[in-house]
Amino acid sequence: MRISYAWLRDYLKLDIPADELAEKIERTAVEVDGVIRPSEGLKKVVVGDVLECVPHPDSDHLHICQVDVGEDDPIQIVCGAPNVAAGEKVIVALPNSWIGNHTKIKRSKMRGVVSNGMLCALDELGFDEKLVPKEVADGIFILPADAKPGEPVFSYIGMDDEIIDMSVTPNRGDMLSMNGTAHELAAIYDQQPTMPTVDLHEDANELADDELSVTVQADEQAVPMYKMRLIKNITIKPSPLWLQIRIWNAGMRPINNVVDATNYILMQYGQPLHAFDFNSLTKGQVNVRFAKAGEQLTTLDGEERDLATTDLVICSDDVPICLAGTMGGLDSEVTDNTTAIALEGAIFDAVKIRKTAHNHNLHSEASMRYERGIDHSATETALDAAAALIAELSDGTVTTGVVVGRDEDVQPAVVKISLSRINHVLGTDLSLETVADIFKRLDFPTTIDGETYTVTIPARRWDIHIPADLIEEVARLYGYDNLPSTLPTGQPTIGKLNETQQVIRDSRKLMESAGLTQAISYSLTTEAKAKAFAMHASEVTKLDFPMSSERSALRLNLISGLLDDLAYNNARKEHDVALYEEGRVFFSQPEQVRPKEVEHIAGAITGSMVQTAWDTAATPVDFYQIKGIVAGYLKSLALAAPISYVASTEHPEMHPGRTADIYVGEDLVGFVGEIHPATAKAYKVRETYVFELDLDALIAQPKEHQQYQTISKFPSITRDVAMLIDDQVTNAAIVKLITDKGGAHLQKVQLFDVYNGKHVPAGKKSLAYTLTYQDQNGTLVDDEITKAFDKVLAALTETLGAEIR
Amino acid sequence: MSLQDRLTELRDQGLADIKSADVLKKVNDVKVDLLGKKGPITEVLRGMRDLTPEERPKVGAYANEVRDKLQAAIDHRREELELAAQNKRLAAEKIDVTLPGRQVPQGQPHVITQIITQLEDLFMGMGYQIVDGDEVEEDYYNFERLNLPKDHPARDMQDTFYITKEILLRTQTSADQPRSLENHDFSKGPLKVLSPGRVYRRDTDDATHSHQFHQIEGLVVDKHITMADLKGTLILVANELFGDQFDVRLRPSYFPFTEPSVEADVTCFNCNGKGCAVCKQTGWIEVLGAGMVHPRVLKMSGIDPEVYGGFAFGLGPDRFAMLKYGVDDIRNFYLNDVRFLSQFYKKG
Ligand SMILES: [Zn+2]
């Protein structure tokens, strides 16, 4: 809502700078987007009197004008506008003046003739083209005859005004009008506002009821009030300049006297009004109802619209002619030939209008106000004010009487509240008088009984129903700056993370310490990416009405998002990337729309984690690096059950020979490995290693019971074994066998060499382990260890076919 | 020459030789030559047989004194030379300490996580519990229970991703607050919760809009919670995030689930309130929305608004991060360009 400061002064005595007023509004009522000063940046733009205007000898459209700009001699200006003529008062941009769009005007020559400036159209002064009246759009703007040559032009066209651009919240629909804003400012500045009065003359010879009839078929909830006035013998023409100025300074385009008058009253009262060309109505008959399925209406914008049964329509002889509260129909539009109008002042249900505006994507000044509410007590006044203004501007006559389709008994709300309640909620110590004064400034009639206020809320403040609403009025007018500043007291509570939250936080730190940077990717992705890498079968949760297929389904995995991140980096030549993400994935649940939200943690690594440096060669990441990260992380979770890695070919997106499922005891908790080259190609990433873990499952696992073990005082003994063994035998199998057969004193089995290069027969590999033996209670005897070690060697040979070297 | 004089001569000669020895080997040679079993001092001591019994102890003592003196001089010289040798070696071992250290891979928390963690810690210190609601919510909890019935105009402020008519992606983390309210046992003390998390809006992604972003919302309900308490809490948050050198102003706003509702602005840290592009010339930056919990919200959760009251507030870590670090495109937070992520290395 754009509020003209000049217009506000019709209501209130205000002499503070506009910026200060804006700040006050912002601190007390609604947000202000800014103060607009239309003449800002414009210089040396003055009134000119065209004394003489002759055609340019070398042009078919230019004119050479001698213009009085208030100086001793007239100046010569060449002008190309079709409407320039002697005797007109015009807008002159003098030499070295500044006009709109930061343009400087200089003395120039046009086809050999000197031009000392320029005659201007409104858009050349920076007017938005959408606000320029159509009839003056193609030429220079002609000022009133009494404009004084040489004076700055701004005051003649409203450009000296300051306009406060308010962003009105949905609850303060009352401030979408000059009257409402004036009431608000009157309360803020403790003034008595001068409200507009209506001076309506009805033609006693003509009764509106004789020619116009209105029936409302829709229910009272949908249409609580519907009234019309009939105005005859009108002449459509442009509005006077004062009205045009108010219209364009409010951000609307002046159209003609009737439309401008209804828009003016809309701005003034906040009451939408609609003028129908009376002669287009069949038999002067109007009815209001819901649209029927299959009905159509061509609206003012020329769109043929299919109506929904939730759309309220105004009909004539039961044929829709207007989308109620939203947009008029083309057939009943006021045109230059209109001689009589039926003027509607009505209230429609906010929800219905909202639906219609939404469904037809038609958001107008009228629909916006209906959605936010209307002052029910002002509808008829606004209708009368508009009728009076239209009659005045169009030389028309207002027929006698209001044609009432539906009326409503408007009662003010009464709200009771005690002083102690106000102070209790605000944390203040306001006096009975302070609060009473605030209600008085708001012009809310109030009685006081003890410390209880009984407040009568005028219909113009339909947002106030309950005590909390009144507390807000008190708080904002008292001033939020004046509130004390404290912290909640009362019974102390413990604030700490629960186990899940703590593990999540720790997990992030562990990942970061391992060299992975946290990524936050999109939860919404394509259906294919949502499903990829899923740890178990699940339906994908899809949006009902996505904006794009790219963001249409909720992820079942984190890896695909990380691969998108890697691809983004890859495309920017960042090839060494190590990311992890912690977040939700969404597995479907039987019989339920809502998915089960599971916390996962995943990582993706490509390139090298350590860059080439003066003393270090970059080492490309491989399976064992990411496995090391996962193993280190899992170790720190101190799970009771052992962790095992089992080769898996079950993940189609993963390299079938380089992927392991991860088990804690018997429970599958995730996987780790290299992504399939085909996956890498599809995602446009390089060789990449990933893991994904079900964090919730890990948190649910029993934790290791940690207990101190005495450190043995006795020395340990080590034995190394190197063997040649079949390539298919896994390290896990060998370690298991060694551990099983190692005897009571075997403490540790450490793999220290893997070799399958030269000198190793095909299909074989060479492995070497160090076995560490130690006794808690005594020094080990060499013989004893040799015996135990030989057992292991025998088992390796017999069970796994190892050739001990 | 008496034996004493001979010893004195040997001493002086020996001390001179030790002093002039410039390598360890020469010191050792002097030692062997002088103090060895075949050395001149031993020789002199052998000559003691010819002395009178009275003279013997005197010469013996003097001989020991000379021997000790020479030994001390040898030790001292040896130390000197060892030290010199060590210093020489150390000098040769000098390296360029400005060469970079060997890298240990180190990751960083996401900048949004840093802000969330910072506020979680602040509020846990004040006895708040952290609550993680579901990201897929019921319309009923996300809107209706927060006093936003279907067709409420304020729903326009939050375009929503629906899965079905009744199930949606939460548009605010306060969607979980009705559950906190109805599940809380007030006999155990006040309800104090902070809900950080991801939220979703049906927006086209551009520099200032993201269909996915984060919110942190707080809720306190007890018997004596005042708007002054809210003001104090909001000032604390603003100071925590921006520093306490800035002013905070509250101004009226509208949220369906609070009444009164306010927005909190902080003095623009970029221009100190003078007006600049960051604050759109206003000198203020909007950082928080808040208010006193609407009585209807309490009532719908089975709490008597005549007895209990509270406040709620919400803020956007994405917006905070953009303001605080001058990030000009919100999409940066979700594209995970390592050149972006690595700039925020403060530990969360
Ligand atoms: Zn600024």
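The sequence lines fix the lettering, A, B, ..., with proteins before strands; numbering per chain opens at 1.
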Taking all atoms of both residues into account, what is the closest heavy-atom pair of A/I466 and B/P295, and its distance? CD1-CG, 4.1 Å

The interface call for A/A519 against chain B, heavy-atom contacts under 4.5 Å, is both

So which part of B/L194 gets closer than 4.5 Å to some heavy atom of chain A, the side chain, the backbone, both or neither? neither

Looking only at atom types and distance, does a side-chain atom of B/E259 sit under 3.5 Å from a main-chain N or O of A/E472, one as donor and one as acceptor? no

Criterion side chain to side chain contact (heavy atoms under 4.5 Å, CB included) on B/T233 and A/L487, from CA distance to verdict: CA-CA 6 Å; B/T233 305; A/L487 287 176; 3.6 Å; yes

Step-by-step side chain to side chain contact (heavy atoms under 4.5 Å, CB included) determination, B/H211 to A/L524: CA-CA 9 Å; B/H211 73 275; A/L524 285 168; 3.8 Å; yes

Before giving the answer on side chain to side chain contact (heavy atoms under 4.5 Å, CB included), spell out for B/D132 and A/R584 the whole-Å C-alpha distance, their side-chain angles and the decisive distance to 0.1 Å. CA-CA 11 Å; B/D132 317 300; A/R584 307 259 176 91; 3.5 Å; yes

B/F123 versus chain A, heavy atoms under 4.5 Å apart: side chain, backbone, both or neither? neither

Under 4.5 Å heavy-atom distance to chain B, tell me which part of A/Y568 shows up: side chain, backbone, both or neither. side chain

Side chain A/E597, main chain B/E135, donor-acceptor under 3.5 Å: yes

Between A/S523 and B/Y200, is any side-chain donor less than 3.5 angstrom from a side-chain acceptor? yes

Flag the pair A/R27 and B/D265 as a salt bridge only when some basic side-chain nitrogen lies within less than 4.0 angstrom of an acidic carboxylate oxygen. no

Any Lys/Arg nitrogen of B/R249 or A/D481 sitting under 4.0 Å from an Asp/Glu carboxylate oxygen of the other? no

Between B/K231 and A/L483 (side chain of the first, backbone of the second, donor and acceptor by atom type, cut-off under 3.5 Å), is there such a pair? yes

Look at B/E137, B/E263, B/M292 and state which one has the largest set of heavy-atom pairs under 4.5 Å with chain A. B/E137

Per-residue tally against chain A (heavy atom, under 4.5 Å) across B/K223, B/E120, B/Q212, B/R296 peaks at B/Q212

Between A/R421 and chain B, with a heavy-atom cut-off of 4.5 Å, which part of the residue counts as in contact: side chain, backbone, both or neither? side chain

Quick check on A/E581 against chain B: is it the side chain, the backbone, both or neither that has a heavy atom closer than 4.5 Å? side chain

By a 4.5 Å heavy-atom criterion (distance strictly below it), what part of B/F333 contacts chain A: side chain, backbone, both, or neither? backbone

Are side-chain heavy atoms of A/L543 and B/L169 found at a separation under 4.5 Å? yes

Could you look at A/P467 and say if it's the side chain, the backbone, both or neither that has a heavy atom under 4.5 Å from chain B? neither

Side-chain (B/Q129) to main-chain (A/I494) donor-acceptor, under 3.5 angstrom: yes

N/O donor-acceptor pair under 3.5 Å between B/R251 side chain and A/V30 backbone: no

Is it the side chain or the backbone of A/R476 that comes within 4.5 Å of chain B heavy atoms, both, or neither? side chain

Is a donor on one side and an acceptor on the other found under 3.5 Å between the side chain of A/Q518 and the backbone of B/P109? no

Select one option (side chain, backbone, both, neither) describing which atoms of B/S342 are under 4.5 Å from chain A's heavy atoms. neither

Side chain, backbone, both or neither: which part of A/K542 has a heavy atom under 4.5 Å from chain B? backbone

What part of B/V293 is in contact with chain A, defined as an atom under 4.5 angstrom from a non-hydrogen atom: side chain, backbone, both or neither? neither

What is the ring orientation for A/H424 with B/H224, classed by angle as parallel under 30°, tilted 30 to 60°, or perpendicular over 60°? perpendicular

If we ignore hydrogens and angles and just use 3.5 Å, is the side chain of B/N336 paired with the main-chain N or O of A/I520 as donor and acceptor? yes

Donor-acceptor pair, side chain of A/T486 and main chain of B/D229, under 3.5 angstrom: yes

Top residue by heavy-atom pair count (under 4.5 Å) with chain B, among A/E473, A/R555, A/M511, A/R172? A/R555

Considering only heavy atoms, which portion of A/L579 lies under 4.5 Å from any heavy atom of chain B: side chain, backbone, both, or neither? side chain

Would B/F161 and A/M547 count as a side chain to side chain contact (heavy atoms under 4.5 Å, CB included) here? Give the steps. CA-CA 9 Å; B/F161 284 124; A/M547 299 184 81; 4.1 Å; yes

Give me the atom names and distance for the closest heavy-atom approach of B/I225 to A/P488. CD1-CB, 3.8 Å

If you tally heavy-atom pairs under 4.5 Å against chain A, which of B/L250, B/D337, B/L234 wins? B/D337

If one checks every heavy atom of A/S521 against chain B at 4.5 Å, the contacting part turns out to be both

Heavy-atom proximity to chain A below 4.5 Å, by part of B/E166: neither

Atom group of A/N569 that falls short of 4.5 Å from chain B, counting heavy atoms: side chain

Cut-off 4.5 Å, heavy atoms of chain B, and the answer for A/L566 is neither

Work out which heavy atom in A/Q501 is nearest to a heavy atom in B/I130; give both atom names and the distance. NE2-O, 2.7 Å

So, for B/R339 and A/E574, which heavy atoms are closest and what is the spacing to 0.1 Å? CD-OE2, 3.2 Å

Spacing of CD1 belonging to B/I163 relative to CZ belonging to A/R594, to within rounding of 0.5 Å: 9.5 Å

If you compare all heavy atoms of B/G232 against all heavy atoms of A/S485, which two are closest, and at what distance to 0.1 Å? CA-OG, 3.2 Å

Any donor-acceptor pair under 3.5 Å from B/Q106 side chain to A/E512 backbone: yes

Residue part contacting chain B, namely of A/P492, when any heavy atom lies under 4.5 Å: neither

Engaged part of A/R508 at the chain B interface, taking heavy atoms whose separation is under 4.5 Å: side chain

Given heavy-atom pairs under 4.5 angstrom as the criterion, report whether the side chain, backbone, both or neither of B/K165 touches chain A. neither

Bottom line for B/E306: the part with an atom under 4.5 Å from chain A's heavy atoms is backbone

Interface moiety of B/K188 toward chain A, non-hydrogen atoms closer than 4.5 Å: backbone

Electrostatic pair A/E582-B/R198, nearest N-O below 4.0 angstrom: no

Least distance between heavy atoms, A/T493 atom then B/K192 atom: OG1-CD, 3.4 Å

Donor-acceptor check, side chain of A/W614 to backbone of B/L99, threshold 3.5 angstrom: yes or no? no

Which bit of B/V262 is near chain A, if near means a heavy-atom gap under 4.5 Å: side chain, backbone, both or neither? side chain

Output the option from B/D203, B/V248, B/L230 having the highest count of non-hydrogen pairs under 4.5 Å with chain A. B/D203

Report which part of B/D222 has an atom under 4.5 Å of a heavy atom belonging to chain A: side chain, backbone, both, or neither. side chain

